[in-house]
Peer 1: 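Okay, here's the structure, questions in a sec.
Chain letters run A, B, ... following the sequence lines, proteins first, then strands; residues in each count from 1.
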2 protein chains.
Amino acid sequence: MLKEERFKVILDRLVNDQKVYLAGLSALLNVSEDTVRRDIKELADQGLLKSVRGGAVPHAPGPHHFRDRISHDKDQKQIIANKALSFLKDGQVVIFDGGTSAMLIAQALPKDLRITVVTNSFPIASLLEEHEFVEVLFAGGRLLKNSFVTIGSDTIQFLKKFRADICLLGICSIHKELGVTGPDYEESEVKRTMIQSSREIIALATAEKLETAEAFYICPTERLSVIITDQPGGQEAFKTYSELGIQMV
Amino acid sequence: MLKEERFKVILDRLVNDQKVYLAGLSALLNVSEDTVRRDIKELADQGLLKSVRGGAVPHAPGPHHFRDRISHDKDQKQIIANKALSFLKDGQVVIFDGGTSAMLIAQALPKDLRITVVTNSFPIASLLEEHEFVEVLFAGGRLLKNSFVTIGSDTIQFLKKFRADICLLGICSIHKELGVTGPDYEESEVKRTMIQSSREIIALATAEKLETAEAFYICPTERLSVIITDQPGGQEAFKTYSELGIQMV
DNA sequence: ACAAACATTGCAAAATATTGCATCAATATT
DNA sequence: AATATTGATGCAATATTTTGCAATGTTTGT
């Protein structure tokens with residue numbers, strides 16, 4: 001088996017699972033762990049992934065460490081992403097927030113859509129490179145290591161200059177009374193500004209984030225136009241938000 | 001069997017299997033592995049496939065991840081990069097311009113250097129992720145596809161906010177009378193701003209760029225503090241610039 | 001602080017590349 | 001017709017790269 005084949009396998013698994021282990025690859029590829037380690041090192045040198053103790057993770061992953069990630073999240077989020085896409089139209093200015101959910105949307109974006117994207121996320125900007133008709137405006141600022149988003153007053157100042165049609169808000173906690181909240185102060189600041197600069201807000205939320213709250217306030221629930229979630233099951237939840245004029249998907 | 005026939009077989013199998021082995025082709029084509037190797041080399045020179053140890057794989061035309069391009073003409077630039085590093089000290093604020101030379105410097109940056117980096121280049125920001133003690137301030141703006149730098153008035157506005165110690169200026173043309181010039185209008189605008197925001201300018205230039213000029217003016221030659229170049233040969237050039245108080249390396 | 005897991009380094013064997021050279025066939029030249 | 005010339009090919013000797021292993025550090029979790 002060629003070294004390049006191994007590389008391909010490693011990268012493929014990385015895309016699917018967001019992580020690879022030395023032991024697993026060693027067994028799968030029929031080579032020693034040493035070899036896998038060397039392969040990973042080589043790929044890391046090329047910037048195609050990030051080598052970590054015991055394995056590797058994608059080079060620009062989300063903010064959290066990979067060991068506590070669950071891969072089945074991905075499928076659910078993918079469905080959410082596709083729903084969100086249906087709200088985007090040619091000519092719009094869209095703000096993408098920096099989370100992994102927004103990233104999946106960027107990934108699924110049709111190549112012929114002509115929109116202007118404003119974002120503070122490297123991975124998203126990077127994904128949109130191949131989209132010929134998408135203009136990317138990147139918000140500068142202090143770079144948050146490990147998550148590849150910019151934050152801080154410069155970012156906020158940049159975002160204030162826009163009047164976007166839609167803001168795709170990554171996963172936050174949403175609570176009917178307590179509003180939309182997030183776990184990190186500076187990130188929440190940025191999100192708040194994104195919301196202020198947008199006409200419509202589309203929030204992406206896995207079901208377990210509904211009716212929960214975090215430390216930092218972002219905006220009142222009524223400000224949302226659409227909530228896209230994965231479990232339509234909760235009739236009550238559906239009603240609750242519909243009463244506020246929010247469309248549930 | 002004609003060489004062209006073999007070529008066709010090789011390319012066909014490559015399309016089908018995404019890989020070919022020397023041994024397999026040698027048996028299939030009834031020629032020695034040496035010949036297959038030579039065939040593959042020839043096809044590789046034409047850019048039709050990528051030669052790898054033990055066989056060949058399709059030439060990846062896909063999304064050129066921005067780090068790929070660093071690898072080739074590396075050596076000469078690498079020497080330049082190392083020279084440049086000796087000018088950087090803990091605590092400084094350094095502006096990195098977006099070229100590949102600046103990228104090599106970023107790559108060679110010692111992990112324990114504590115500096116603040118201001119840049120408009122994704123690749124550079126991305127390279128610095130692993131540098132624990134480097135703070136990265138990223139200049140927002142319109143994203144230039146294919147080169148992954150931001151440009152435009154937002155970028156300039158961002159850069160104006162700084163007073164940096166050093167600006168590492170990628171390769172431009174330098175001419176004693178005509179000053180520093182660049183081939184692209186908007187990029188030159190950005191570079192000019194970087195220079196205005198910096199106390200000292202270190203310019204990186206391969207020897208063939210000295211005493212040449214491009215369309216867009218960036219700054220007078222005297223504004224440079226140091227020129228780092230690869231061929232110390234030219235005694236005259238050395239003198240010419242030394243008279244202006246510029247250090248040549 | 002300890003053990004276990006993991007990483008790093010040096011090393012030798014195996015696989016693969018490279019180089020120089022001799023052969024051969026096809027074509028060009030005398 | 002005889003003889004160079006050229007280019008492709010295979011072979012062998014010599015590098016170079018890859019790989020697994022073992023000995024030795026380093027990190028992590030308890």
Side-chain angles (χ1 to χ4, degrees), chain A residues 1-11 13-14 17-59 61 63-70 145-146, chain B residues 1-11 13-14 17-60 68 71-72 74-75 78 107-108 110-112 129-133:
Chain A
M1 176 179 255
L2 299 175
K3 195 159 61 142
E4 270 63 25
E5 294 182 65
R6 293 202 309 266
F7 284 6
K8 196 164 176 318
V9 171
I10 294 173
L11 292 174
R13 285 186 70 93
L14 207 50
D17 304 345
Q18 299 291 299
K19 75 204 168 202
V20 289
Y21 297 100
L22 286 178
L25 287 174
S26 168
L28 183 72
L29 301 168
N30 288 313
V31 292
S32 71
E33 293 199 7
D34 294 84
T35 299
V36 176
R37 202 172 279 122
R38 277 185 277 237
D39 285 350
I40 285 179
K41 185 164 187 303
E42 205 174 326
L43 292 169
D45 286 343
Q46 292 178 37
L48 297 174
L49 49 70
K50 183 177 171 187
S51 169
V52 299
R53 198 181 174 79
V57 291
H59 184 259
H64 306 299
H65 207 271
F66 77 101
R67 286 185 192 272
D68 33 56
R69 285 273 181 123
I70 317 159
K145 303 246 169 104
N146 306 321
Chain B
M1 176 180 259
L2 297 178
K3 196 157 65 145
E4 303 302 325
E5 295 182 64
R6 292 202 308 269
F7 283 7
K8 192 167 180 317
V9 173
I10 294 173
L11 292 174
R13 284 184 71 92
L14 205 50
D17 304 346
Q18 299 292 298
K19 78 212 165 201
V20 289
Y21 300 99
L22 285 179
L25 287 174
S26 169
L28 183 72
L29 301 167
N30 287 312
V31 292
S32 71
E33 294 200 5
D34 294 79
T35 300
V36 177
R37 225 190 306 276
R38 278 185 276 239
D39 286 350
I40 285 179
K41 186 166 186 302
E42 205 173 326
L43 292 169
D45 287 342
Q46 294 177 39
L48 297 173
L49 47 70
K50 183 177 169 194
S51 169
V52 299
R53 198 181 175 80
V57 293
H59 196 229
D68 297 353
S71 52
H72 286 310
K74 198 169 169 181
D75 297 335
Q78 191 64 62
Q107 213 167 24
K111 285 269 200 294
D112 57 351
E129 185 216 359
E130 289 162 25
H131 291 72
E132 203 180 340
F133 305 121

Peer 1: Sort me out a list of protein N/O and nucleotides 20-24 of chain D N/O pairs below 3.5 Å, or just none if empty.
Peer 2:
unit_1	atom_1	unit_2	atom_2	d
D/dG20	OP2	A/Ser32	N	3.1
D/dG20	OP2	A/Ser32	OG	2.9
D/dG20	OP2	A/Thr35	OG1	2.0
D/dG20	N7	A/Arg38	NH2	2.5
D/dG20	O6	A/Arg38	NH1	3.3

Peer 1: Look at the side-chain N and O atoms of A/Arg37 and state whether any lies under 4.0 Å from the OP1 or OP2 oxygen of C/dA7.
Peer 2: yes

Peer 1: For B/Arg53 and D/dT19, give me the distance from atom CZ to atom C1', rounded to whole Å.
Peer 2: 10 Å

Peer 1: Taking only residues two or more places apart in sequence or in another chain, which ones pass side-chain hydrogen bond (donor to acceptor under 3.5 Å, both in side chains) with A/Lys41?
Peer 2: none

Peer 1: Would you mind reading off the distance between A/Asp39 atom CG and C/dA7 atom C1', rounded to a whole angstrom?
Peer 2: 16 Å

Peer 1: Of all residues at least two apart in sequence or in a different chain, which pass the salt bridge (Lys or Arg N to Asp or Glu O under 4.0 Å) check with B/Glu42?
Peer 2: B/Lys3

Peer 1: If you compare every side-chain N and O of B/Arg6 against the phosphate oxygens of D/dT9 (OP1, OP2), does one of them come in below 4.0 Å?
Peer 2: yes

Peer 1: Considering residues at least two apart in sequence or located in another chain, which fulfil the side-chain hydrogen bond (donor to acceptor under 3.5 Å, both in side chains) criterion with B/Arg6?
Peer 2: B/Asp39

Peer 1: Filter on side-chain hydrogen bond (donor to acceptor under 3.5 Å, both in side chains), then keep only pairs touching residues 21-31 of chain B, sequence neighbours left out; what's left?
Peer 2: A/Glu5-B/Tyr21

Peer 1: What is the distance, rounded to the nearest whole Å, between atom CG of A/Leu25 and atom P of C/dC6?
Peer 2: 13 Å

Peer 1: Using atom CD of B/Glu4 as one end and atom P of D/dT9 as the other, report the distance to the nearest whole Å.
Peer 2: 10 Å

Peer 1: For the pair made of CG in A/Leu29 and P in D/dT19, what is the distance, rounded to whole Å?
Peer 2: 11 Å

Peer 1: Give the rounded distance in Å between these two atoms: CG of A/Leu2 and P of C/dA15.
Peer 2: 15 Å

Peer 1: Rounded to the nearest 0.5 Å, what's the gap from CD1 on B/Ile10 to CG on B/Leu49? Could you check?
Peer 2: 7.5 Å

Peer 1: Using Watson-Crick or G-U wobble geometry with both distances under 3.5 Å, which nucleotide pairs with C/dT30?
Peer 2: D/dA1

Peer 1: Figure out the NZ/C1' separation between B/Lys41 and D/dA8, and round it to whole Å.
Peer 2: 15 Å

Peer 1: Got a sec, which residues hit side-chain hydrogen bond (donor to acceptor under 3.5 Å, both in side chains) with A/Thr35, two or more places apart in sequence or on another chain?
Peer 2: A/Ser32

Peer 1: Please report, rounded to the nearest Å, how far the C1' atom of C/dT16 is from the CE atom of A/Met1.
Peer 2: 18 Å

